[in-house]
Amino acid sequence: MAEMSTRFNFTDVEEKWCRFWEDNHIFHARTDPEKTAYSVVIPPPNVTGILHMGHALNNTLQDIIIRHKRMGGHEACWMPGTDHAGIATQNVVEKQLAKEKKTRHDIGREALLERLWAWKKQYGDTIINQLKKLGSSCDWDRTRFTMDEDYSQAVRHVFVSLYEKGLIYQGQYIINWCPRCQTALSDEEAEHQEHQGALYYIHYPLKKDRSKYLTVATTRPETMLGDTAVAVNPKDPRYQDLIGETLILPIVDREIPIIADDFVSPEFGTGAVKVTPAHDPNDFAMGQRHNLPSVNVMHPDGRMNENAGEFAGTDRFEAREAIVEFLNELKALEKIEKHSHAVGHCYRCHTVVEPYLSKQWFVKMKPLAAPALKVVQDGTVRFYPERWSKVYTAWLENIRDWCISRQIWWGHRIPVWYCQECGEVIVALEDPFRCPKCSSTLLKQDEDVLDTWFSSWLWPFATFGWPQNNEDTRYFYPTQSLFTASEIIFFWVARMIMAGIEFMGDVPFHNVLIHGTVRDAQGRKMSKSLGNAIDPLEIIQEYGADALRFSLIINSGQDIYISKDKFEIGRNFANKIWNASRLVLMNVRFTDRPASALENINLANADLPAQWIVSRLQSTIETVDTALDQFRFSEAENAIYDFFWGAFCDWYLELVKPDLSREDVQRITFAVLEQSIRLMHPFIPFVTEEIWQHLGVSQECLSRQAWPKANKQFKNSVAETRMRLFMELTTALRNTRAQWNIRPNQKISCVITGSQNDLDLLTTMQDKLKLMAQIEDLNFSAETPSAKDSASGVVGPLKFFVPLSGIIDIDQEKSRMRKEQDELDRLCQTITKRLSNEQFLAKAPQDVVDKEKAKVEQLTEKMNALKTVLSNLG
RNA sequence: GGACCCGUAGCUCAGUUGGUUAGAGCGCUUCCUUGACAUGGAAGAGGUCACAAGUUCGAGUCUUGUCGGGUCCACCA
């Protein structure tokens with residue numbers, strides 16, 4: 001056996017096992033017909049990503065489940081990989097280009113893609129390597145990328161299929177446009193943030209009498225250049241005679257009609273709305289209703305275009321100021337009011353998005369949403385916590401069509417070709433050579449690529465090789481559980497469910513676990529820009545991956561508030577496991593070390609501490625199993641922490657230390673340790689794996705061992721009760737020692753009185769009691785001794801007396817006991833009162849009543865004992 | 001404007017269908033370098049469970065309201 005140092009050297013150990021697990025394909029999942037698959041889905045991180053605490057939490061949760069299931073005998077599959085993250089990745093490379101003072105248009109599509117692939121090759125594995133350091137037990141042999149050849153085939157297949165079903169269409173609509181990224185965005189990709197803006201009141205003169213005007217209010221004056229009408233509510237009495245009149249649009253002097261539309265609410269602003277169909281979704285709809293023309297006044301980069309007259313070429317926000325100033329000079333500006341409203345921002349670069357009229361591809365969502373709603377309503381897919389299903393449902397019920405075309409180059413090219421001769425639109429799985437209609441070879445592929453999420457939504461099956469390789473897909477699909485943060489319920493979770501049902505005929509997973517956000521101690525989101533982020537890699541270096549994992553989970557409630565010192569708990573626990581194991585291994589002499597040796601040990605002959613710890617182990621296993629089945633991770637960890645540290649180390653090991661030279665004691669202790677190491681492995685994999693090697697039970701690594709089974713036969717409530725009494729007595733005696741400042745190495749005498757039964761029990765434990773409480777002279781007696789200068793106390797049915805003549809202050813001792821007596825009395829009274837309440841007796845369940853009765857008995861017994869002890873003190 | 005979450009010890013949080021004298025970790029106080037571990041051990045102090053009303057034999061737990069903090073969604077320009 002190799003040396004075990006007093007400190008757990010996590011750095012070397014973690015590195016060693018990371019490499020071992022990967023090199024030996026320990027986590028590779030096969031289509032083993034003897035086993036049941038348990039596969040999980042986790043958001044594939046962006047290929048541009050670097051590991052942050054959110055990833056650490058997400059991956060740890062998932063790893064705990066997957067290791068639990070793997071040890072539980074399932075063929076557990078965790079598919080790792082990265083997402084090409086279209087806009088984000090292209091932005092990274094475009095920034096590099098910008099340093100060379102070039103734009104993507106300078107170098108062209110091919111060259112940009114070359115650079116992107118080069119970037120991916122060089123940096124794309126960064127986050128994957130970081131995930132390995134966490135101990136994530138992914139099937140690394142299956143690592144996928146959303147732009148892998150076969151994955152791209154799946155994307156294309158899906159596009160064509162949806163097109164053929166009429167669920168994908170092209171159309172001219174108002175979409176969210178990011179002028180910086182210069183691409184369309186989906187509704188979800190526009191993040192609305194509350195923004196303190198202004199409401200500008202502008203006069204639009206009447207054509208028939210230019211001295212008269214109508215005042216409109218707008219937050220975006222620059223778009224007025226594209227106005228093609230002004231609308232009022234048809235029932236608004238103020239404007240009845242103006243409907244149908246013509247206004248002169250200031251600045252550009254265009255004639256525009258006053259129309260009536262129910263959309264306009266009379267209460268807001270002046271009750272008159274400028275209508276700009278090319279720059280506002282509502283106005284666009286109104287434009288359609290009233291056959292209004294659309295005037296686009298902006299370039300794609302956010303500068304005003306030729307329709308903006310003298311403002312052409314200026315940026316939209318500069319144009320806003322200039323126009324306001326100009327209107328002011330014209331005396332056409334009535335007033336400016338402060339106005340706070342939500343403004344959309346690009347989720348990748350945070351530029352204010354522009355509602356923009358353009359031709360894009362869309363997915364018709366209603367038909368896909370209906371079955372996705374159903375599976376959550378009928379419980380086929382469950383959210384944990386359940387409340388997230390409401391968020392999901394609300395979104396699906398109000399879903400709008402999904403804009404999937406992006407005017408960038410990094411991504412899956414839209415498989416659509418336009419015949420340059422006859423205008424035919426060709427949508428095909430294979431690149432076409434000729435137009436099927438006119439046979440022309442002059443075909444031009446659509447310039448755009450697909451939204452990244454249009455590939456992400458296929459992750460649960462495209463990663464298994466669908467639609468080509470269906471053996472893996474059949475075996476592992478549907479997966480069981482998805483782990484993610486709430487932010488991507490719409491982007492990803494909902495869409496995966498839709499795609500799964502549509503293409504696989506079954507949901508992609510059954511459990512959706514939504515975990516909290518990792519925040520700093522002040523409750524702020526961790527972000528690089530705030531400078532409050534704690535780098536998980538730094539924590540791994542300083543405290544170890546085990547510590548990082550354990551600490552994150554034990555602190556996880558809803559959201560997780562974390563500061564650096566929080567990671568000490570995990571580090572300390574790992575060290576504790578290490579040292580407890582060291583103690584056991586230093587003493588164990590026998591060489592045959594069968595797995596799960598507990599089964600072969602005759603516990604009936606074992607002593608109380610052994611029966612107790614084995615019993616506690618069983619309930620701990622049960623608690624962990626139940627907690628994990630319900631995704632209550634911190635509860636599972638608490639149970640483990642409590643058992644291993646609070647019971648096994650603090651009590652059991654302390655008690656058996658002197659007996660560790662006995663083989664029977666060694667065997668039980670070893671067996672309990674062995675089971676504990678298995679039990680703790682999913683949570684704290686590295687230290688347990690390392691200890692496993694030292695245990696010498698198996699050549700195979702712990703990650704592939706069987707999960708411990710709770711054995712009900714080993715549960716022993718009698719032993720637990722007895723042990724509790726022993727521990728309480730020990731604590732009370734130690735308390736007495738501390739109370740009277742007795743040095744730790746100074747021995748005391750002690751007399752204990754109680755029933756013969758209890759005293760018999762204590763007799764079997766007397767050496768241990770002496771050891772734990774540093775007693776030299778221990779006597780048991782049925783009679784209360786006369787002990788006038790003793791510290792004394794009552795523990796359950798026992799009374800104890802510690803003679804301390806010359807040390808003890810009897811008056812102080814008496815007053816302490818009287819205080820205790822009063823406390824008991826007060827308690828006793830409330831319970832007696834409860835028991836004399838007829839309503840309580842009539843309505844409370846019998847077991848509750850019985851419990852209360854037993855309580856009173858116990859309390860009375862204790863009070864009597866105290867009374868005896870007190871009177872004994874004189 | 002809708003929806004949701006949170007308010008329990010100095011701090012961060014547990015507390016599963018209402019039923020012991022409300023728990024843990026950190027921090028704090030006192031003591032302990034006894035060969036597994038000072039990243040440790042022993043003992044202890046600390047809470048009218050935000051507030052108010054209600055339901056109930058019984059409320060930290062359920063209902064309603066108030067106050068405070070947070071999140072998501074939303075095309076009133």
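Because only heavy atoms are used, hydrogens play no part in the values below, and waters and symmetry mates are left out as well, while side chains stay in. In what follows, chains carry the letters A, B, and so on, assigned in the order in which the sequence lines appear, proteins first and then strands, with residues in each chain numbered from 1.
- Applying the side chain to side chain contact (heavy atoms under 4.5 Å, CB included) rule to Ser340(A) yields the partners Glu194(A), Gln196(A); only residues at least two apart in sequence or on another chain are considered.
- For the pair Phe284(A) CZ and C76(B) P, the computed distance is 19 Å after rounding to whole Å.
- The main-chain N or O of Met772(A) is found under 3.5 Å from a side-chain atom of Arg734(A) such that the two form a donor-acceptor pair.
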Protein-proximity profile, nucleotides 34-42 of chain B, B/S/- by nucleotide at the 4.0 Å heavy-atom cutoff, equals --BB-BSSS
With both pairing distances under 3.5 angstrom for Watson-Crick or G-U wobble, and | for a partner in another strand, the correct string for RNA chain B is (((((((..((((.....[...)))).(((((.......))))).....(((((..]....))))))))))))....
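- Of the listed nucleotides (A77(B), G25(B), C5(B)), C5(B) has the atom at the smallest distance from the side chain of Arg387(A).
- Listed by chain and number, the residues in a side chain to side chain contact (heavy atoms under 4.5 Å, CB included) with Val273(A) are Val264(A) (sequence neighbours excluded).
- Counting non-hydrogen atoms of neighbouring residues, nucleotides and ligands closer than 6.0 angstrom, the CD atom of Glu776(A) reaches no more than 12 such neighbours.
- Listed nucleotides: C4(B), A74(B), A77(B). Nearest to the side chain of His339(A): A77(B).
- As judged by a 4.0 angstrom heavy-atom cut-off over every strand, Ala342(A) is placed among the base-contacting residues.
- Residue His279(A) is classed as having no contact, given no heavy-atom separation below 4.0 Å to the nucleic acid.
- Judged as a side chain to side chain contact (heavy atoms under 4.5 Å, CB included), and not counting sequence neighbours, the contacts of Asn587(A) are Leu583(A), Leu660(A).
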Mind listing the N/O atom pairs, protein and nucleotides 18-23 of chain B, below 3.5 Å?
| residue | atom | partner | partner atom | Å |
| --- | --- | --- | --- | --- |
| U20(B) | O3' | Lys855(A) | NZ | 2.9 |

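- Distance CZ (Phe268(A)) to C1' (G1(B)): 13 Å, rounded to an integer number of Å.
- Within 4.0 Å (heavy atoms only), Ser634(A) reaches no atom of the nucleic acid at all.
- Within 4.0 Å (heavy atoms only), Arg632(A) reaches at least one base atom of the nucleic acid.
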